[in-house]
Structures are given as C-alpha cells and as structure tokens.
Q: 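Below you will find the structure I want to go over with you.
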Amino acid sequence: MKNYYGSLCTEMYEILHESAPGDELNFYLSYAEKGMSILEPLCGSGRFLIPFLERGFEICGLDLSEEMLAKLKKEGASS
C-alpha cells in the first residue's frame with residue numbers, strides 16, 4: 001500500500017493538530033480501563049496515543065506513514 005503522507009504533510013499536520021482536543025481525548029478516556037489492551041489504528045504522531053501512555057494505559061498504535069511514526073518515536077513512544 002502506498003503512503004501519500006510524506007514529510008511536508010507530517011509537518012503541516014503537526015502545526016494544525018499540535019495536541020489532542022481535550023473533549024475528544026476525555027471522550028476516549030471515558031471508555032478506557034486500566035488493564036485493557038487498546039489499539040489505535042492510524043495513530044499518526046501520537047496526539048492521542050501519548051496521553052494514553054502518560055496515564056498508564058497499555059496502548060499500541062499503527063500507521064502506514066513512516067514519517068508520522070518517526071515523529072511519534074521522536075516524542076518518546078515506540079511503534
């Protein structure tokens with residue numbers, strides 16, 4: 001499968017979506033329970049994944065964009 005995201009799109013996405021919107025993050029957190037395994041498809045650079053990790057949840061993300069995953073790894077998470 002071809003990845004059309006690229007490094008420029010990754011940088012623009014980061015500018016436009018610096019962090020997870022609080023209301024959306026709280027909505028997803030309301031369904032999460034400690035001890036459950038959580039999968040985040042299309043995790044991108046981790047704007048939702050990282051807050052889950054910081055709160056001690058077991059979460060795994062995947063994404064086709066190598067550029068977005070590189071950004072995620074740079075933020076301290078592993079894919």
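For this chain, numbers begin at 1 and follow the sequence in order. What's counted below: heavy atoms across the whole structure, side chains too, no hydrogens, waters or symmetry copies. Not measured: the values here are computed from a predicted model.
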Q: Could you report the tightest heavy-atom contact between G46 and P51, atom names first, then the distance?
A: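 Looking at all heavy atoms of both residues, the shortest contact is O-CD, 3.7 Å.
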Q: In this structure, would L39 and L64 fall into the same cluster of hydrophobic residues linked by side-chain contacts under 4.5 Å?
A: no
Q: Grouping I, L, V, M, F, W and Y whenever their side-chain heavy atoms are under 4.5 Å apart, do F48 and L29 come out in a common cluster?
A: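 Yes; tracing contacts between hydrophobic side chains, which count when under 4.5 Å, links both residues.
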Q: Verify the cluster assignment for F27 and L42: are they in a single hydrophobic cluster under the rule of side-chain heavy atoms below 4.5 Å apart?
A: no
Q: Linking I/L/V/M/F/W/Y whenever their side-chain heavy atoms sit closer than 4.5 Å, directly or via other members, would Y28 and L25 fall into one cluster?
A: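 In one cluster: yes.
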Q: How long is the gap from NE2 on H17 to CE on M12, to the nearest 0.5 Å?
A: 9.0 Å
Q: Write down the atom of L72, the atom of C43, and the distance for their closest heavy-atom approach.
A: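 In this case the closest contact between L72 and C43 is CD2-SG, 4.0 Å.
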Q: Going only through I, L, V, M, F, W and Y residues with side-chain contacts under 4.5 Å, is there a path from L62 to M36?
A: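 L62 and M36: separate clusters.
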Q: How close do S45 and K71 get, counting heavy atoms only, and between which atoms?
A: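 Looks like CB-CG, 3.7 Å.
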Q: For the atom pair CD (E58) and CD (E33), what is the distance rounded to the nearest 0.5 Å?
A: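 With rounding to 0.5 Å, CD (E58) is 13.5 Å from CD (E33).
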Q: Of all the heavy-atom pairs spanning R47 and A20, show the shortest one and how long it is.
A: O-CB, 3.2 Å
Q: Return the CG to CD distance between L49 and E54, rounded to the nearest 0.5 Å.
A: 10.0 Å
